[in-house]
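Here the structure comes first, spelled out in structure tokens, and everything after it is commentary.
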Amino acid sequence: MASENTRVAIIGAGVSGLAVSHHLNNEDTVLFDSADHYAGHCHSELVDGFTWDDGPHISFSVNNYVQDFLVDQVKGEYESVETVSSNYYKGHWIGHPSQVNLYQVPEPLRTQCLESFLATRDDQRAPKNYQDWLDVAFGPVFASTFPAAYTRKYWTVEPSQLSTEWVGNRVMKPSTEQVVAGATGNIGLATSHYVADKNTRYPSNGGFMGYMHRMAEAANVQLNTTVNSINFGNRELVLGDGTTVNYEHLVSTMALKKLILASVDAPDSVREAAKLLTCTNFLRVDVAVNHPAIRPETWVYVYDEDKYSVRISVTEKFGPNNAPKDCTGIQVEVYGSEYRACPTDFEAVKTGVVNELIEMCMIESRDNLRYVHCKFVPQGNPIFDHNRAPAMKEISTFLDKHGVQLVGRYGEHKYLMTDACIISARRVAARIGGGDGAQHDVSEVSLSAAG
Ligand SMILES: Cc1cc2nc3c(=O)[nH]c(=O)nc-3n(C[C@H](O)[C@H](O)[C@H](O)COP(=O)(O)OP(=O)(O)OC[C@H]3O[C@@H](n4cnc5c(N)ncnc54)[C@H](O)[C@@H]3O)c2cc1C
């Protein structure tokens, strides 16, 4: 069988792998990706005039380095997007974040939420899990009606099954004054867990993937090339066609669990730890509609547990070229995981999702559908359950010994956005270059560095 040598072997040509190679000036680096395209989760597809990202993507980075980096990748051709998000609950539209827009919550629930919030303001306990965090932040009635329901839909687990490491400033913790005022009227606070200001950006052309082309064109990417097994001790990979690749440095952006399970020399304790890591997956339902968007939202969170839809996004509100003129592209995410499987009957999901969009007045009628596609996406978000932290410790100790560099949302098994992936890639490139990379810590990406 053939064998190759490279100084830096990178598993995965998503944003993380591409950004590592870029920050090494693409010198003596090779990226292996099992897919037939680069960009990983930042991939976009053009279908019948509609551009679909792999789940809704927008850059809300507040980090100057990342902002400049991305501007450069699209040669300055990007849109500044003013996003609007809302919540849907049993026929009611509630401004985001709903905890400071209680005035749109129907009675008697509104009063119950407010009273439960006020009655628990002395609750100063240190939260042991996300359920505690919610109860302390919002009071039990709001917590159980809204975020707990959303947690079951999005994270596929009960809030008590999650730690609080990932929360950061993703979930807005309101002051008493904000909640009280928001129960009587609009206080004009339209922040979201990601969007700190209005400075969100999106490539002008080609979907979110527009950010990836320059990096990929300059890199040495081998597509349709799966890394089948890894011998960390020998610094050797085996590819799908049996080729062995010897490396000096290994960077992995593939799912951490799969990396460990593909290794020939990880001890049993590390393999057992890896088996405990879990991720959500999701169905991406792309609904192409032949009339313009009816509602103003860029995306919507759906709280109703009897609905498939978890998050709904409107593609041409990310980038105006994402849908043909006078049409709207609506993408709906339906989540699953090892804890609770995604629905497998795609036809039922498509029918159900369209019915929900009609009920929510986001589509006029079935007659307006151009097409509805449903696709299973095997990786969504790493789940911060209570197994994660001890498992990560066991795995990191082993990989550190072999100098393996982990980058990205799935490589690091953290809830990283693309900006944090880019910073993390820059840090790893600095380490490979001989430094410690400490100056490029992902904590500098203030909004998206959880975990
Ligand atoms: C629904 C959703 C919405 C999101 N929204 C946003 C957003 O609005 N803004 C934002 O900044 N971020 C967003 N993100 C996060 C963003 O997508 C990720 O942070 C980023 O894409 C992770 O990139 P990555 O390169 O680390 O991983 P990936 O993109 O998954 O790339 C890893 C690559 O490794 C390859 N691979 C895996 N196994 C192997 C193997 N054995 N051999 C060879 N190749 C392999 C895969 O094919 C893949 O191309 C979102 C994520 C999701 C899921």
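For ligands, and for the atoms within them, numbers begin at 1 and follow the listed sequence.
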| task | Return yes or no for this condition: an N or O of H57 is under 3.5 Å from an N or O of ligand 1. | result | yes
| Under 3.5 Å: N/O of F282 near N/O of ligand 1 | no
| Donor-acceptor contact below 3.5 Å, side chain N205 vs main chain N321 | no
| message | Tell me whether R388 forms a cation-pi arrangement with W166, defined as NZ or CZ under 6.0 Å from the six-membered ring centre and within 45 degrees of its axis. | response | no
| message | For ligand 1 and D33, I'd like to know whether there is a polar contact (N/O to N/O, distance under 3.5 Å). | response | yes
| task | Please verify whether a non-hydrogen atom of Y38 lies at under 4.0 Å from ligand 1. | result | no
| message | Could you walk me through whether E412 and R427 satisfy the salt bridge (Lys or Arg N to Asp or Glu O under 4.0 Å) test, starting with their C-alpha distance in whole Å, then the side-chain angles of each, then the deciding distance to 0.1 Å, before giving a yes or no? | response | CA-CA 13 Å; E412 296 177 63; R427 178 188 55 202; 3.7 Å; yes
| request: Step through it carefully: locate the ring centre of F398, locate the ring centre of F232, and say whether they are under 6.0 Å apart. | output: yes
| field | G411 touching ligand 1 at heavy-atom level, < 4.0 angstrom | value | no
| E333: numbered ligand 1 atoms lying under 4.0 Å from its heavy atoms | 1 (C)
| request: Would you check whether T418 has a nitrogen or oxygen atom less than 3.5 angstrom from a nitrogen or oxygen atom of ligand 1? | output: yes
| said: Below the 3.5 angstrom mark, is there an N/O of M254, backbone or side chain, next to an N/O of ligand 1? | reply: no
| Ring geometry between Y202 and F318 (parallel below 30°, tilted from 30 to 60°, perpendicular above 60°) | perpendicular
| query | Counting both backbone and side chain atoms, is some N or O of S16 under 3.5 Å from an N or O of ligand 1? | reply | yes
| query | Between H57 and Y211, is the ring centre distance below 6.0 Å? | reply | no
| Any N or O of V407 that comes nearer than 3.5 Å to an N or O of ligand 1? | no
| request: Check each atom of ligand 1 against the heavy atoms of G380 and keep those under 4.0 Å away; list them by number with element. | output: 53 (C)
| R235 (side chain) donor-acceptor with E248 (main chain) under 3.5 angstrom | yes
| query | Is there a donor in the side chain of S16 and an acceptor in the side chain of T253, or the other way round, less than 3.5 Å apart? | reply | no
| query | Just which atoms of ligand 1 are under 4.0 Å from any heavy atom in F60? | reply | 7 (C), 8 (O), 9 (N)
| said: Contact between ligand 1 and W299 is defined here as a heavy atom of the residue under 4.0 Å from a ligand atom; is it met? | reply: no
| query | Judging by distance only, is a nitrogen or oxygen of Q379 under 3.5 angstrom from one on ligand 1? | reply | no
| field | Test applied, side chain to side chain donor-acceptor pair (under 3.5 Å); reference residue, Q331; option that passes from D54, D53, D286 | value | D286
| said: Between ligand 1 and P56, is the shortest N or O to N or O distance under 3.5 Å? | reply: yes
| message | Between W155 and Y339 (judged by ring centroids, cut-off 6.0 Å), do the two rings come close enough to count as a pair? | response | no
| query | Charged N to carboxylate O under 4.0 angstrom, E272 versus K275? | reply | yes
| request: Look only at the side chain of Q104 and the backbone of G95, and say whether a donor-acceptor pair between them is shorter than 3.5 Å. | output: yes
| remark: So the atoms of ligand 1 within less than 4.0 Å of a heavy atom of L416 turn out to be 15 (C), 18 (C), 19 (O)
| query | Can you find a non-hydrogen atom of T225 under 4.0 Å from ligand 1? | reply | yes
| task | Mark the output for R311 as yes if a heavy-atom distance to ligand 1 is under 4.0 Å, and as no if none is. | result | yes
| field | Contact (N/O only, under 3.5 Å) between S34 and ligand 1 | value | yes
| task | Mark up the atoms of ligand 1 that fall under 4.0 Å of a heavy atom belonging to C42, in ascending order. | result | 21 (O)
